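Supplied in structure tokens, the structure appears directly below.
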Amino acid sequence: MDINEKYDVIVIGSGHAGCEAALAAARMGCRTLILSLYLDSIAMMPCNPSIGGPAKGHIVREIDALGGECAAAADEATRHLRWLNTSKGAAVRTLRAQCSPRVYSDHYRTALLTEKNIMLHQAQATDLLISGGSAVGVKIRTGQKFFASCVILATGTYLDSKIHIGLTKHKSGPLGMVAATEFARSLRKTGLEIGRLRTDTTPRLHADTVDWDILDCQRSLKEPAAFSHFGNKKIYDEMICGLTRTNEKTHEIIKKYADRSPLFTGRIETKGPRYCPSIDDKIMKFPEKDTHPIFLEPITSECREVYMQNFSTSMCLEAQLESVRTIKGCEHAHILRPGYAIEYDFIVPTQLSPWLETKSVKNLFLAGQINGTSGYEEAAGQGLIAGINAARRVQGREPFVLRRDEAYIGVLIDDLVTKGTEEPYRMLTSRCEYRLILRHDNADDRLCAKGYEIGLLPEEKYSAYIARTKERKEEERRIAEYKIHATDEINKKLESIGSSLLTEGITAEELLRRPEVNWQIIAEITSSHLDNEIGNKISDALKYEGYVARQNRQVEKFRKMELLKIPSYIKYSEITGLSAEGRSKLEKIMPATLGQAGRIPGVPPTDIQLLWVAIESGRRGAERTSNGKSIC
């Protein structure tokens, strides 16, 4: 490492966002420096050590299809794996894994240390260096300065962070790490609008003090599976997870200690995650609920540590210990680490462009929880996009932006930069209006070509995707021609699954279109040896064909709005008839396209129509001028 040498990209932070950002920029050919507070905390999992789940699993698959690392890290670290939403449609079905935090972290550390274009350095950043309205580097606590063409901030929940346990509070990052107080002070000097958010975590129990024998247990998948499109599918049966519940006694104890809770004494005023409230919040706000489910999820078999999913809290230690021991299976539980709340600074994300560059400071990119999100997957997805766009800025190329109809990552970023957030933003399938075409199973079809085109997905992986696509298309042609006759054996199979019997021959494709007929039945009938994942993709595509066609028509209408860019000459103050609120919101957000403008809360459709007229008027005027005619 040469202190005086200028880098292409500097990444501050080595969490999930920072790792993906640094790897993306380096793999696209940029000399990248990543500054980590502590090398042993790379890609740390301070909250639940799980990857995936509804919408989050979709993002992991998208990162993998583009050439990112998250899926590979998860697959290596997985100790327990399940499909979620199996009783629902394919649009919301996805994987969720319990991972070993140490193995997950080691995977990313190895990836960073073995990437030839990355220099990794343990240091605490104290100052963002800005010159002429552009980010140019960073200063660290020991006084040295590092310079770069672009800077990516991926500081997580460390900015001026404070930990709350009961009525005590102290400056700290997650799990006792150092808070980035000086760097937070430096960011405030940039003029960026800064807010405060809160997130909570749960007590961690010693596995040997939990009575697993009396719990309902969830076992891992019995068939091989993987997050990565390019990984080896495995069966993970190392651990089981226990299901238990709170009860009347639990609720009584939590209410008893309310006067020592930072949530109810005014010690904490910041907003926490609405979709993942703390247990004390649930009990006080929903007194009609007699019980709440708790999942006891071992972190790894070797460390003997158990995460209490759905029991996040900032209660005092006495309240935590007493309430935990009222829960079935936890009567003698020992708390290894208490739950806590952490408050931290974030940058209001409406100050960002859709490619995650700040509008007021050029060449400064932000990714992860600094943008107001929660979750490892959301952070990793933003990190990947920030890294790609920092590299493209260095290379003099146009920004890379994913639309809402192309990826959950596109929905996530568009929501942040267009609508902003007042609470830790969590990606949900309900936030996505194009769920049928953004499925877990087709992330490779949507994004592998893009990843390869921008120089992130390597040749061997893209070739594997092409070969897999070819194999699928050949199978689609085969089952479209394969004739299934109305035999007793076939009708017996159909009767067993409640499907109507055949009276005449039909093709395998026609039979597969039936909702109750799955790929496994077709594979058995037609003697197919196709991988089940590919076969299920064929099945889903056929079953949802009509719905997907309808959604694609909606996408085309949406795309026309997105293609209509708002020119720099548009002055909202000069557009007659705009509502006062609409004008204010447009001037604050500065949307890039008419479609983005239409999604800004508080901007009515009449304002969008007036804006469209102004754009078209300006365009026609420019055309007349270019033809040598006067516009007067």
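Atoms considered below: every heavy atom in the structure, side chains included; atoms not considered: hydrogens, waters and symmetry mates. This one's a predicted model, so the numbers in the text were calculated from it and none came from an experiment.
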Quiz item: Got Ser360 and Gln351 here, is their nearest side-chain heavy-atom distance under 4.5 Å?
Solution: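 No, side chains not in contact.
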Item to complete: Please round to the nearest 0.5 Å and tell me the distance separating atom CD1 of Ile152 and atom CG of Leu33.
Response: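 The distance works out to 11.5 Å.
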Discussion item. Once salt bridge (charged side-chain N to carboxylate O under 4.0 Å, His left out) is applied, do any residues pair with Asp441, and if so which ones, sequence neighbours excluded?
Written reply: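 Here the qualifying residues are Arg439.
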How many angstroms lie between CD in Gln382 and CD in Gln369, if you round to the nearest 0.5 Å?
->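 The CD atom of Gln382 sits 9.0 Å away from the CD atom of Gln369.
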Any non-hydrogen side-chain atom of Arg93 less than 4.5 Å from a side-chain atom of Asp540?
yes
- request: Give the C-alpha distance, both sets of side-chain angles, the deciding distance and a yes or no for side-chain contact (heavy atoms from CB on, under 4.5 Å) between Cys70 and Tyr108.
  value: CA-CA 8 Å; Cys70 186; Tyr108 267 113; 3.4 Å; yes
| message | Checking salt bridge (Lys or Arg N to Asp or Glu O under 4.0 Å) between Glu406 and each of Arg559, Arg446, Lys450, which is the one that passes? | response |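 The passing option is Lys450.
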Taken in chain and number order and not counting sequence neighbours, the residues that satisfy ring-ring contact (aromatic ring centres under 6.0 Å, His included) with Tyr452 are Tyr462
Worksheet item: How many angstroms lie between OG1 in Thr181 and CG in Leu159, if you round to the nearest 0.5 Å?
Response: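 So the gap between those two atoms works out to 9.0 Å.
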Looking only at heavy atoms, the pair that brings Ala179 and Ser161 closest together is CB-OG, 3.4 Å
Heavy-atom distance under 4.5 Å between the side chains of Leu352 and Leu416, does that happen here? no
message = Can you give me the closest heavy-atom contact between Val394 and Ser149, atom names plus distance?
response =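 Heavy-atom minimum between the residues: CG2-CB, 4.0 Å.
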Using ring-ring contact (aromatic ring centres under 6.0 Å, His included) as the criterion, list what pairs up with Phe346, not counting sequence neighbours.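 In terms of ring-ring contact (aromatic ring centres under 6.0 Å, His included), with neighbours along the sequence ignored, Phe346 is linked to no residue.
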Closest non-hydrogen atoms of His16 and Ala379, given as atom of the first, atom of the second and distance, are CB-CB, 4.3 Å
Do Ser278 and Leu263 touch side chain to side chain, with heavy atoms closer than 4.5 Å? yes
All side chain to side chain donor-acceptor pair (under 3.5 Å) counterparts of Glu433, not counting sequence neighbours:
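If we apply the side chain to side chain donor-acceptor pair (under 3.5 Å) test to Glu433, skipping adjacent residues, the hits are Arg404.
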I'd like to know whether Gln596 forms a side-chain hydrogen bond (donor to acceptor under 3.5 Å, both in side chains) with Thr418, so could you lay out the CA-CA distance, the side-chain angles of the two residues, the decisive distance to 0.1 Å, and finally the verdict.
CA-CA 7 Å; Gln596 187 188 1; Thr418 304; 3.1 Å; yes
Hits for salt bridge (charged side-chain N to carboxylate O under 4.0 Å, His left out) against Lys88, two or more places apart or cross-chain, chain-then-number order -> none
Kindly check if the number of other-residue, nucleotide or ligand heavy atoms within 6.0 Å of NZ (Lys543) is above 12?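 Yes - once you tally the heavy atoms of other residues, nucleotides and ligands closer than 6.0 Å, there are more than 12.
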* **Validation row: Cys150, Tyr7 side chains within 4.5 angstrom (heavy atoms)** =>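 In short, these two side chains do not touch, never coming nearer than 4.5 Å.
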Q) How about Glu422: does its CD atom have over 12 heavy atoms from other parts shown lying under 6.0 Å from it? A)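 Atom CD in Glu422 is not packed in, count stays at 12 or less.
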Task: Residues that Arg196 engages under salt bridge (charged side-chain N to carboxylate O under 4.0 Å, His left out), provided they are two or more places apart - done: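 If we apply the salt bridge (charged side-chain N to carboxylate O under 4.0 Å, His left out) test to Arg196, skipping adjacent residues, the hits are Asp345.
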| message | What verdict does the side-chain hydrogen bond (donor to acceptor under 3.5 Å, both in side chains) test give for Ser228 and Asp64, after you've listed the backbone C-alpha separation in whole Å, the side-chain angles of each residue and the deciding distance to 0.1 Å? | response | CA-CA 6 Å; Ser228 177; Asp64 187 63; 3.0 Å; yes
In short, ring-ring contact (aromatic ring centres under 6.0 Å, His included) pairs touching residues 396-448 with sequence neighbours left out are His58-Tyr408, Trp83-His440, Tyr434-Phe558
Residues Asp444, Arg472: salt bridge by 4.0 Å N-O rule
no
Between Leu402 and Leu66, is the side-chain contact (heavy atoms from CB on, under 4.5 Å) condition met? List the steps.
CA-CA 11 Å; Leu402 289 170; Leu66 286 166; 4.1 Å; yes
Self-check item: Heavy-atom neighbours of Glu269 CD exceed 12 at 6.0 Å
Solution: no
**Study point:** Test: Glu398 and Arg392 ion pair at under 4.0 Å
**Key:** no
Sorted by chain and residue number, the side-chain contact (heavy atoms from CB on, under 4.5 Å) partners of Ala597 (sequence neighbours excluded) come out as Ile566, Leu586, Pro591, Ile608, Leu611
**Note, Glu377 side chain near Val60 side chain (heavy atom, < 4.5 Å)** = yes
Is any NZ, NE, NH1 or NH2 atom of the basic residue among Glu423 and Lys271 found under 4.0 Å from an Asp or Glu carboxylate oxygen of the other?
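The answer is no: the pair does not qualify as a salt bridge.
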- prompt: Under 4.5 Å between any side-chain heavy atoms of Tyr376 and Met45, yes or no?
  reply: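 Heavy-atom side-chain distance check passes, below 4.5 Å.
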- Item | Minimum heavy-atom distance between Ile118 and Ala26, given as atom pair plus value |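 Heavy atoms of Ile118 and Ala26 come nearest at CG1-CB, 3.4 Å.
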Roughly how far apart are Ser374 OG and Arg274 CZ, rounded to 0.5 Å?
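The CZ atom of Arg274 is 11.5 Å from OG of Ser374, to the nearest 0.5 Å.
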What are the two closest non-hydrogen atoms of Ile12 and Ala125, and how far apart are they?
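Heavy atoms only, the tightest pair is CG2-CB, 3.9 Å.
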Smallest heavy-atom separation, Ala135 atom then Leu128 atom, equals CB-CD1, 4.5 Å
| task | Mind jotting down which residue pairs meet the ring-ring contact (aromatic ring centres under 6.0 Å, His included) criterion with at least one end in residues 577-605? Sequence neighbours excluded, please. | result |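 Not a single pair qualifies under ring-ring contact (aromatic ring centres under 6.0 Å, His included).
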Leu153/Phe183 under side-chain contact (heavy atoms from CB on, under 4.5 Å): CA gap, chis, key distance, verdict = CA-CA 11 Å; Leu153 304 186; Phe183 196 72; 3.7 Å; yes
Residues two or more places apart in sequence or in another chain: which of them pass salt bridge (charged side-chain N to carboxylate O under 4.0 Å, His left out) with Glu69?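 Glu69 satisfies salt bridge (charged side-chain N to carboxylate O under 4.0 Å, His left out) with Arg27 only.
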Residues pairing under ring-ring contact (aromatic ring centres under 6.0 Å, His included) where one sits in residues 576-620, two or more places apart or in two chains, turn out to be none
Going by heavy atoms in the side chains, are Thr606 and Ser579 under 4.5 Å from each other?
-> no
The complete set of salt bridge (charged side-chain N to carboxylate O under 4.0 Å, His left out) pairs with one or both residues in residues 599-614, sequence neighbours excluded, reads Asp414-Arg599, Glu562-Arg599
Please evaluate residues Ile575 and Ile570 with respect to the criterion side-chain contact (heavy atoms from CB on, under 4.5 Å), reporting the C-alpha separation (whole Å), side-chain torsions for both, the decisive distance (0.1 Å), and the verdict. CA-CA 8 Å; Ile575 300 178; Ile570 290 292; 4.1 Å; yes
